[in-house]
Amino acid sequence: PPKQATLGKFFGLQ
Amino acid sequence: MLEARLEQASILKKVVDAIKDLVQDCNFDCNDSGIALQAMDNSHVALVSMMLKSDTFSPFRCDRNIALGINLNSFQKVLRCAQNEDILTLKADDSPDVVSLVFESSEQDRISEYDIKLMDIDQEHLGIPDTEYAATITMPSGEFQRICRDLSALSESVAIEAEKNAVKFVCNGDIGNGAISLRNHSSVEKPEQNVNIELSEPVALTFSLKYLVNFCKASGLSGSVKLCLSNEVPLLVEYELASNSYLRFYLAPKIGD
């Protein structure tokens, strides 16, 4: 089954 | 100092009600453009982004950048003391220990004053890139809420599949499967039921329904909701408020290995 990604994978820390 | 007066307390009540199960302690960042909030849930899967522009308030005054670190549970307790139609004024000093809330009844001569103790919150701030989304779906917020609620009874996840003129919400669960399709729909008589699908390329993404059901607690803030999708990026769920203010939720997708 597909796995839950986290937002850090897409959005950079500021 | 900050002084921000809202004609109706209900806006802030609804915003806090909508996000408090997702995020617990948040900084409300105040500056001359308004009051903003960005916070991630503990699992870093969902993000709340709120912007209440200065025009939402009348008057609005904030000379310096002030971060109000507030526990949302406490905030909700105090906001529940306000009637929906009360005039609400937020006040804080430049280096505040507390934020003051004043509720004024427009019909009665009643003034209620509350303080909430502030906390120091060291929050991770994410940079969200400007994205041209492949699909933008605008639909009644109540309809989206019902779809998420209905499908969450069957499955933990929903696949959102947008193609030309149609969007499909599909789930596969242990007891069976479900699918709801919506097509472009526009009515002059009942514009609140309009569905608009703008698409540059087909999109199919899978999301956790638990989070979507949570986002839908914001349905009372706006009659319509906007879903923005591109393959392999987080979903944006946006509730537009008056004066270009908004409450946005981002949700990371589930990705196959």
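Naming: A, B, ... by sequence-line order, numbering from 1 per chain. The shown structure was predicted, so the numbers you read here are calculated from the model rather than taken from an experiment.
B/F144 and B/F169 have tilted rings, their planes meeting at an angle from 30° to 60° on a 0 to 90° scale.
For A/F11 and B/Y250, the distance between ring centers is under 6.0 angstrom.
Residues B/L182 and B/E143 meet the side-chain proximity criterion, which asks for heavy atoms closer than 4.5 Å. B/R248 has its side chain out of reach of B/V237: every pair of non-hydrogen atoms, C-beta onward, lies at least 4.5 Å apart. Between B/E161 and B/V170, some side-chain heavy-atom pair lies under the 4.5 Å cut-off.
Contacts from residues 28-56 of chain B to chain A, taken as heavy-atom pairs separated by less than 4.5 Å, involve B/M40, B/S43, B/H44, B/V45, B/A46, B/L47 in sequence order.
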In a table with atom names and distances, give each donor-acceptor pair under 3.5 Å that connects a side chain of residues 119-137 of chain B to protein atoms at least two apart or in another chain.
from	atom 1	to	atom 2	distance (Å)
B/Q123	OE1	B/N27	N	3.4
B/Q123	NE2	B/D25	O	3.0
B/T131	OG1	B/P129	O	3.1

